[in-house]
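Order of appearance sets the numbers: ligands from 1, and atoms from 1 within every ligand.
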Amino acid sequence: MSATISGIGISHGIAIGKVHRLEWGEVEVRETSIPEESVEDEIARFRHAVGTARQQLKAIRNSIPENTAADIIDFIDTHLLMLEDTLLTAAPVELIRARRCNAEWALKSQRDALAQVFDEMDDPYLRTRKDDVDHIVTRLQRILLGENAHTDPQNDDQLRGAVVVAHDLTPAETVLLHHQGIAGFVTESGGPLSHTAILARSLGLPAIVGTHVTPQQVHDGDAVILDGARGVLLTGFDDTTLEEYRHRQHQQQTRRSELQRLKDKPAVTLDGTRIHLLANVELHEDVLAARSAGAEGIGLYRSECLFMNRSDIPGEDEQLQQYLSAIEALKGLPITIRTLDLGSDKECGAEPPSEHLSPNPALGLRAIRLCLKHADLFRPQLRAILRASGKGPVSMMIPMLSSAQELSEVLMLIDEVKDELHREHLAFDRNMPIGGMIEVPAAALSAGLFARKLDFLSIGTNDLIQYTLAIDRIDDEVTYLYDPLHPAVLRLIKMVIDAGRQYDVPVSMCGEMAGDPRYSRLLLGMGLSDFSVPPTALLEVKNVIHKSRMTQLTPVVNDILHNDDPAKISQLLVKLNEI
Ligand code: PEP
Ligand code: MG
């Protein structure tokens, strides 16, 4: 019987394949008592499972290509280290002996005891370690129960070409699965602006999130069609539907190769307006993808990715090496490194301790707020970025600015660090451009204030929309309210572009809106000339630019900006895109 499961399409493209379900929630474990004479056998069974888990993790580590981001490898190394920890290896053995229970139950009891300790900790970093314990315990439980962990390399053959269905995926798991050749993925939870979603778009993986699909609705091996643009997963379809989708998939592939012809052409409108098209990157491999898509540089380098999935904070030298390798790969093209945007949905293992857990992390100590509070974290990064500026065309960008006071503090700190480097005779570019992200409504409304003191501004629509419309960007319950065309959002964007004009400061946009070709003409007509987009979206946006004439866009865009009726705005957008 055919069925359609709907969700939020977060990464376009069609994937046709067999379902491969990943671990769904917790493993169910029951207590069984073990006779005295079998206790040592049970302990041996447990130790064997630990050995197998170790081998599995090592195999995953070895299967990852060399150019994979260090954060992904560190994530696996952390788990390997935890398998050496007596709390996870010796303590369950003691429990098996003392309670004469099965290994699964001993492991569960130890996990619950550890979870309680973690829950009582004030330190948010240590609390995140609880997830790591859960990952390891689940892996061991599955081995004991004779189930496989599906993201392991021995399942490569099953994963290749599969449509993965999971409750949720971390960014690290998404990268691993991509390397293992999956065709696309569907998750029960998640929103369009989560890090995993942004990564899926970067990797060009068709994906749907927030499906609220129950485990009963899809089974391993079911043939499915994933339509990322429409946000649907089809099961039990007939041959006609399959043919139709195969045809559409083929058309999309043809279109992608046709767009390749634009790769080396400059982004210019029909009436000669030159637009700058740069790329957003998260992982080192995105830098290569950006180059092969013909990006003019990197407009947003999300530096926090180096801090993800690891238990330590990368030092100045490690950060510098990372930036230098990006600079080298870019062969002279410019790069804008954004300073750490940790906190809120950016779950980074190395987050520094804060005094208390924020009741509302998106509005709490995030991004520049967190960095200013933790100079021990911020200074090494400022030093690394500045030192990188001595080796290539680097700009620095500050996320989530909201007040003049904050901006002065950052600029003062940067000056201090420059003096320090100078005293140490370390090379850097004293004139390295410093820009700010406008992603808080207050900053957009007072954009002039920031434009006067900075070298450039970049509009982060992901957060600007989140904060303007008061919708948590990772909560799929409120995704329906996410609307880049909301009149309030459009007016704020326009204010920033106008402030840039007034103070002769370049304004770019690096939020996901910039990479959605449906909005390209609107943004062009609003006066935006610098776009930073996911590498996979670059050629589509360039294609729209090539087919646009500014003189035709301006009047329709003005009508849109003077309207506050959503239906009328949508109608006008259709008209604009049909010119
Ligand atoms: C944004 O908020 O639009 C942005 C580009 O930053 P991030 O998505 O990393 O928060
Ligand atoms: Mg942001």
Side-chain angles (χ1 to χ4, degrees), residues 10-11 71 171 190-202 209 278-283 286 290 295 298-308 335-348 351 361-371 381 395-402 406 435-444 447 450 456-475 479 482-484 486 489-490 492-493 496-497 507-516 519 523 528 530-538 541:
I10 49 138
S11 179
D71 47 355
L193 299 175
S194 69
H195 228 76
T196 296
I198 290 173
L199 205 53
R201 285 189 284 277
S202 275
V209 300
L278 292 92
N280 296 345
V281 306
E282 278 86 51
L283 305 167
D286 294 342
I298 304 301
L300 166 64
Y301 182 94
R302 288 185 163 98
S303 67
E304 58 276 6
C305 290
L306 179 62
F307 289 64
M308 280 167 42
I335 176 168
T336 298
I337 303 174
R338 177 174 73 182
T339 60
L340 280 173
D341 184 5
L342 292 179
S344 190
D345 67 317
K346 309 275 175 68
E347 273 188 17
C348 296
E351 204 168 317
L363 301 178
L365 266 191
R366 191 196 144 181
I368 190 58
R369 303 171 178 185
L370 186 109
C371 285
Q381 179 174 51
S395 302
M396 185 193 289
M397 181 157 79
I398 315 295
M400 220 189 145
L401 287 166
S402 61
E406 206 171 37
M437 284 192 72
I438 304 296
E439 38 189 357
V440 175
F450 296 92
F456 64 94
L457 302 179
S458 187
I459 309 173
T461 46
N462 307 341
D463 279 312
L464 187 61
I465 295 171
Q466 154 166 266
Y467 295 125
T468 305
L469 305 183
I471 46 166
D472 188 335
R473 60 192 270 191
I474 55 168
D475 182 350
T479 297
Y482 172 80
D483 181 13
H486 191 295
V489 173
L490 295 182
L492 289 173
I493 294 173
V496 184
I497 296 172
V507 173
S508 76
M509 180 181 284
C510 60
E512 296 294 297
M513 187 179 178
D516 188 332
Y519 306 128
L523 295 171
L528 190 78
D530 291 52
F531 292 62
S532 189
V533 307
T536 44
L538 202 132
V541 173

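Contacts between Asp341 and ligand 1, counted as non-hydrogen atom pairs separated by less than 4.0 Å, involve the side chain only.
Asp463 contributes OD2 and Glu439 contributes OE1; the angle these two atoms make at the Mg ion (ligand 2) is 100°, rounded to 10°.
Just one residue in the list Thr461, Ile459, Asp463 forms a side chain to side chain contact (heavy atoms under 4.5 Å, CB included) with Glu439, and that residue is Asp463.
The shortest N or O to N or O distance between Glu512 and ligand 1 is not under 3.5 Å. Between Asp463 and ligand 1, an N or O atom pair is found at a separation short of 3.5 Å.
For Met437, the closest heavy-atom approach to ligand 1 falls below 4.0 Å. Met400 does not count as a contact of ligand 1, since none of its heavy atoms falls under 4.0 Å from the ligand. Taking a 4.0 Å cut-off on heavy atoms, Arg338 registers as neighbouring ligand 1.
Close approach to Cys510 involves these atoms of ligand 1, each under 4.0 Å from a residue heavy atom: 5 (C). Taking every heavy atom of Gly460 and a limit of under 4.0 angstrom, the matching atoms of ligand 1 come to 1 (C), 2 (O), 3 (O). Remark: ligand 1 atoms within the under-4.0 Å shell around heavy atoms of Leu300 are 5 (C). Heavy-atom proximity to Arg366, at under 4.0 Å, picks out these atoms of ligand 1: 10 (O).
Note that the SG atom of Cys510 and the CG atom of Asn462 stand 7.5 Å from one another [nearest 0.5 Å].
A salt bridge does not link Arg302 with Asp286: none of the charged nitrogens is closer than 4.0 Å to a carboxylate oxygen.
Of all the listed residues (Glu439, Arg473, Glu282, Arg302), Arg473 holds the heavy atom that lies closest to atom 10 (O) of ligand 1.
Leu464 places a side-chain heavy atom less than 4.5 Å from the side chain of Ile493. Here the side chains of Met437 and Asp341 are not in contact, with every heavy-atom distance at 4.5 Å or above. Between Arg366 and Pro399, every side-chain heavy-atom pair lies at or beyond the 4.5 Å cut-off. Between Asp530 and Phe456 there is no side-chain heavy-atom pair separated by less than 4.5 Å.
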| said: As a quick check of understanding, evaluate side chain to side chain contact (heavy atoms under 4.5 Å, CB included) for Met396 and Ile337, giving each step before the final call. | reply: CA-CA 5 Å; Met396 185 193 289; Ile337 303 174; 5.9 Å; no
